[in-house]
Structures are given as C-alpha cells and as structure tokens.
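Bear in mind the structure is a predicted one, so any value in this text is a computation, not a measurement.
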Amino acid sequence: AAAISIGAGRTLNVIENEDGSPIEVRAYLKESPVEAGGALTVEATTASEIDSYVLAASVAFAEGKNALGMSGAGTETFNRISTKVEASISGDAAGLNQNTSAQGIRVVAVDASVIEAGAGVASFAFALRSEDGDNALSLSVGVTLSENTIENDVVAVVKNAGHIDAQGGDITVASRSLGRGEVGSDFDTLEGPISLAVGDTVRVASDYSGGGVGGRVYAYRGFVPDYTADIVDFDSTETAVNVFQGDTVKTGGVIYQYVGDDDNGFGVELDLTPAVQNYSGSANWGPATLLLQEGNTLEKDGVFYRFKGPQAEVDVSGALDASSEGQWEIIADPDRIDLSQADYSNTKRWELADASITARAAAVSVGVARSKSGNGFAVSGAGAVARNTILSRNNAYFDDSTVTASGSVVLEAVSSAVIDASVVTASVAVGLGGKAALGVSIGVAMAENLIGWDGEGNRSPAEIQA
C-alpha cells in the first residue's frame with residue numbers, strides 16, 4: 001500500500017504601483033495664496049490595511065504490507081505596503097505670491113498602515129500496519145513562510161511658502177506613523193466590569209500592574225475555558241472502534257474514561273454500546289476526572305463553571321455541584337470582565353492590537369509508522385519562518401518660509417510603529433515495531449523583525465526627522 005499527499009497555499013498582497021513604485025496620497029497647496037477667516041487644514045492620511053491568512057493541510061494514509069505514507073504541505077504569504085503620504089504648502093522657487101493667512105494652520109501627514117498576516121500548515125503521514133512483519137515507512141514535512149514589509153514615505157512640509165501667518169492661532173506641521181492602537185481603543189483599564197465582544201480593544205494604563213504592557217492596546221479574543229466536558233472521544237452507539245487508555249465515552253449523561261488494557265499502546269477494538277460495555281460496574285471503565293487548581297474553568301452541557309479549589313483530582317463525569325457548599329460556581333456571563341483587574345498577558349483571552357505588523361506563523365508535522373512484528377520508521381520535520389520589516393520615513397519641516405503665529409508653533413515627526421510576531425512549530429515522529437523502531441523529528445522556528453534595517457542586513461534607516 002502507498003499513499004502520497006501534497007498541500008500548498010500562497011498569497012501575494014501588495015499595495016503599490018505595478019512598477020513597484022509607491023502609491024501616492026497627497027494633500028497640498030501649491031503656488032496658491034490663501035486668506036481664511038477660519039482655520040486652514042492640509043492633511044493627507046493613509047490607513048492601508050492588508051489582512052492575509054493562508055492555510056494548507058496534507059494527509060497521507062497507508063495500511064497493509066510494505067505500507068508507505070508520505071505527506072508534504074507548505075504555505076507562503078508575502079505582504080507589502082509602499083505609499084508616499086504628503087501634506088504640503090509650497091510656492092515657487094522665489095517664495096513669491098504665496099502668502100497664507102488663517103485662524104490656525106495645520107499641515108499633517110498620517111500613516112496608519114497595518115499588515116495582519118497568518119500562515120499555518122499541517123502535514124500528517126501514517127503507515128499503520130504490515131501484517132507479515134515487513135517494514136512500515138512514514139515521512140511528513142510541513143513548512144510555512146511569512147514576509148511582511150511596510151515602507152512608507154510620510155512628509156509634512158512648508159516650503160518656499162512666503163509668509164505663513166496664523167492669526168490668533170497655532171501652526172502645526174506634523175508627520176506621524178502610527179501603530180493600530182494610536183488610532184484609538186474602545187475601553188481603558190480605568191473602567192470596571194464590562195461585557196465585551198470579540199474584537200473589543202482596551203488600552204492599558206502606563207502604570208498598570210495587573211498583567212500586560214503599559215501603554216499598549218489589547219484586543220479581546222473571547223472566553224475560552226481551560227477544559228471542556230462537552231467533547232468526548234467516542235459515542236456509546238459505536239460498535240467497532242480502537243480505544244486507548246484515557247479515551248472518554250458519554251452515555252446516559254455520564255462521561256466514562258477507559259482505564260483497561262490497551263495492548264501496550266496499540267489500542268483494543270471495542271463495541272461501545274451499553275449492552276456490551278458495563279460502564280458503571282466494570283474495571284475497564286471509571287468516571288472521567290481532571291486534576292484542577294483553584295480558578296480553573298470548565299464547560300459542561302453548555303454551562304461555564306469555575307473551580308473553587310483547592311487543588312484536587314475532581315470527578316467531572318456527572319452533574320457539578322454549584323451550590324454554596326459545592327466545589328463549583330457558575331459563570332453567568334463569561335465575557336463580563338473587570339478591566340481594572342484583568343490580566344492582559346493571558347494570551348487565551350487577549351492579543352496585542354496596536355502593532356503596525358502582526359504576524360502569526362505555525363507549522364505542525366506528524367509522522368507515525370507502525371509494524372507489530374517488523375520494523376517501524378518515521379521521519380517528521382516542521383519549520384516556520386516570519387520576516388517583518390518596517391522601513392518607513394517621517395519628515396516634517398519648514399523650508400525657506402517665514403512663519404508668524406500668536407499661539408504655538410509645533411513641528412513634529414513621530415513614529416510609533418510596532419512589530420508583534422509569534423512563530424510556533426511542532427514536529428512529532430513515532431516509530432513502533434516489534435524488532436526495531438526509529439523516530440526522527442526536527443522542528444525549527446525563526447522570527448526576524450527589522451526596524452531600520454533591510455533583510456540583507458544593510459542599514460536602511462526608518463528615518464524620523466523634524
């Protein structure tokens with residue numbers, strides 16, 4: 001028997017011109033005198049966003065004499081934003097005929113570009129049985145690559161503009177590159193209990209000590225219990241399944257756990273119908289239990305519970321006692337959270353939401369070979385690589401211009417760009433054989449995050465000048 005499977009996925013997303021040059025977002029006054037009774041604002045803003053998710057899976061299965069199973073899966077995502085953002089007031093080279101007056105003048109260029117990318121791959125290969133003691137072979141490889149780049153040129157300038165007069169107001173010339181969180185958040189940590197929806201954002205106070213990074217913005221991922229009793233391994237109507245120690249079955253509203261012999265990890269075939277299995281009176285079955293600590297949460301029959309403690313091996317096979325004397329309390333609204341006490345470092349519930357680039361890359365590879373009386377051989381490899389680069393430039397300046405203001409004059413260049421990258425890889429190889437068994441597993445994870453340097457190690461400044 002032989003089984004070979006290949007899976008692949010690729011995304012290419014770019015926000016730039018076809019020739020690779022930056023797209024332009026411009027707001028400008030050029031050789032145009034302006035006299036305004038109110039405020040004058042010249043503002044250019046880009047909020048370009050790429051959301052890219054690519055997944056690939058491959059499964060190969062073989063069972064029989066000289067069984068062979070080979071599986072390979074790969075994903076690649078390439079995302080790039082290249083934009084020129086300009087806000088300007090300019091005249092001719094001599095600065096003539098370009099006098100501007102208004103009750104306050106603002107020249108602002110804003111870059112709020114965001115890339116959110118996810119890439120995942122899973123590869124599984126199984127070569128399970130060789131009846132006459134022949135060899136079984138399994139080979140599985142999973143690779144995922146993620147490359148994300150933001151390279152914007154953000155300029156706010158007053159150049160050759162003659163006389164700029166903010167009568168009774170302020171003059172602001174600002175160039176800003178903002179992370180997602182700088183745009184705003186739904187709540188902050190000064191607020192108390194609130195019922196959240198998935199995606200709601202919270203800004204953490206700079207002096208917050210309850211968990212998380214002060215000043216950052218976190219997005220709510222939703223409530224996820226530590227354990228669930230609503231998912232079991234098998235149904236009690238199944239008549240021929242391979243069961244291992246620890247497998248669970250639900251019958252008559254009660255969850256049972258298999259504790260009998262499983263043929264040294266090879267499993268045993270059972271008829272799980274109650275007419276055959278004596279669940280409550282057999283040494284092969286016992287009530288399902290969990291080792292719990294105070295505060296652990298459990299979902300059972302669609303209801304969420306919190307364990308009161310102390311640490312113990314707890315029977316969760318039947319009804320849970322949520323009375324005042326019991327070990328459990330019901331969580332009536334699991335999404336209601338006291339924002340002044342929440343642990344924002346808990347990645348089950350929260351993730352950073354103020355990054356310019358948010359990248360997630362994961363690779364899983366599993367290879368299993370089994371031969372009861374012969375050789376078993378399994379090789380598994382998984383790799384995940386993420387490269388994230390920010391090369392944006394921010395410039396704000398006056399050039400050959402006369403400026404008058406009765407209020408303040410602000411010249412500002414700001415970049416608060418952030419890279420948030422997570423890379424995970426898992427590789428498992430299992431070889432089972434009566435005479436010889438070999439399992440080889442390799443897992444590699446790499447994240448390369450660059451601000452002001454390109455991917456070849458050359459200095460390419462993320463320039464911030466005022």
Side-chain angles (χ1 to χ4, degrees), residues 14-17 19-34 36 39-50 80-95 98-100 102 104-115 149-166 169-180 182-183 356-357 389-405 408-418 450-454 459-466:
V14 295
I15 299 178
E16 62 186 12
N17 292 318
D19 61 0
S21 62
I23 63 172
E24 295 188 357
V25 180
R26 302 177 66 191
Y28 60 92
L29 287 173
K30 183 177 181 180
E31 298 180 8
S32 303
V34 173
L40 172 63
T41 298
V42 181
E43 183 170 346
T45 300
T46 179
S48 302
E49 183 167 351
I50 294 176
R80 177 180 172 85
I81 297 176
S82 180
T83 307
K84 181 176 182 179
V85 188
E86 178 185 327
S88 64
I89 298 176
S90 64
D92 59 21
Q98 182 54 45
N99 293 330
T100 300
I105 297 172
R106 297 179 71 251
V107 181
V108 179
V110 178
D111 165 31
S113 299
V114 172
I115 294 176
T149 303
I150 295 178
E151 186 173 7
N152 293 340
D153 192 358
V154 188
V155 179
V157 60
V158 175
K159 183 176 182 180
N160 297 331
H163 186 201
I164 301 295
D165 186 5
D170 302 330
I171 295 178
T172 299
V173 178
S175 169
R176 299 170 180 152
S177 287
L178 306 177
R180 185 194 299 263
E182 295 295 324
V183 178
S356 298
I357 297 178
T389 309
I390 296 177
L391 299 172
S392 296
R393 292 168 292 278
N394 291 78
N395 290 278
Y397 60 94
F398 294 103
D399 187 359
D400 291 334
S401 302
T402 300
V403 177
T404 303
S408 60
V409 176
V410 178
L411 184 64
E412 179 181 67
V414 176
S415 176
S416 56
V418 178
L450 306 167
I451 297 179
W453 297 78
D454 64 22
R459 188 171 184 268
S460 180
E463 187 177 85
I464 315 296
Q465 296 190 38

Margin query: Show the nearest heavy-atom pair for residues Val107 and Ala87, with the distance to one decimal.
Written below: CG1-O, 3.3 Å
Item checked: Closest heavy-atom pair and its distance - Val34, Leu40 -> CG1-CD2, 4.4 Å
Next item on the list: Please name the pair of heavy atoms, one in Val42 and one in Ala27, separated by the smallest distance, quoted to 0.1 Å.
Entry: CG1-O, 3.2 Å
Next item on the list: Answer yes or no: is there a side-chain heavy-atom contact under 4.5 Å between Asp153 and Pro22?
Entry: no
Margin query: Quick check for you: to the nearest 0.5 Å, what is the distance between Ser88 atom OG and Leu29 atom CG?
Written below: 7.5 Å
Check: Nearest 0.5 Å, what's the CG-CZ distance between Asp111 and Arg176?
Finding: 12.5 Å
Check: Got a sec, which residues hit side chain to side chain donor-acceptor pair (under 3.5 Å) with Asp399, two or more places apart in sequence or on another chain?
Finding: none
Checklist line | side-chain contact (heavy atoms from CB on, under 4.5 Å) partners of Ser48, counting only residues at least two apart | finding: Ile15, Thr46, Ile81, Thr83, Ser113
Item checked: side-chain contact (heavy atoms from CB on, under 4.5 Å) partners for Val410, two or more places apart -> Thr172, Ser408, Glu412
Notebook entry, point to check: Roughly how far, to the nearest 0.5 Å, is CG of Asp165 from OG1 of Thr404?
Noted result: 5.0 Å
Notebook entry, point to check: What pairs with Thr41 under side chain to side chain donor-acceptor pair (under 3.5 Å), at least two apart in sequence or on another chain?
Noted result: none
Notebook entry, point to check: Do the side-chain N and O atoms of Ser175 and Asn394 include a donor-acceptor pair separated by under 3.5 angstrom?
Noted result: yes
Next item on the list: Without swapping roles, check the side chain of Asn17 against the backbone of Asp19 for a donor-acceptor pair under 3.5 Å.
Entry: no
Margin query: I'd like to check the salt bridge (charged side-chain N to carboxylate O under 4.0 Å, His left out) partners of Arg80; sequence neighbours left out, ordered by chain and number.
Written below: Glu16, Glu151
Notebook entry, point to check: Using 4.0 Å as the upper bound for N to carboxylate O, is an ion pair formed by Arg26 and Glu86?
Noted result: yes
Check: Taking all non-hydrogen atoms of both residues, which atom of Ser401 and which atom of Ala161 are closest, and how far apart?
Finding: OG-N, 3.1 Å
Notebook entry, point to check: Can you name the side-chain contact (heavy atoms from CB on, under 4.5 Å) partners of Thr402, sequence neighbours left out?
Noted result: His163
Next item on the list: Using the test side chain to side chain donor-acceptor pair (under 3.5 Å), find all partners of Thr149 that sit at least two apart in sequence or belong to another chain.
Entry: none
Item checked: Closest heavy-atom pair and its distance - Ala44, Val25 -> CB-O, 3.8 Å
Next item on the list: Give, for atom CG of Asp400 and atom CG of Asn160, the distance between the pair rounded to the nearest 0.5 Å.
Entry: 5.0 Å
Margin query: Here's a test for you: under side-chain contact (heavy atoms from CB on, under 4.5 Å), which of Ile164, Val157, Val173 qualifies with Ile89?
Written below: Ile164
Checklist line | Derivation of the side chain to side chain contact (heavy atoms under 4.5 Å, CB included) call for Val158 and Val403 | finding: CA-CA 10 Å; Val158 175; Val403 177; 5.5 Å; no
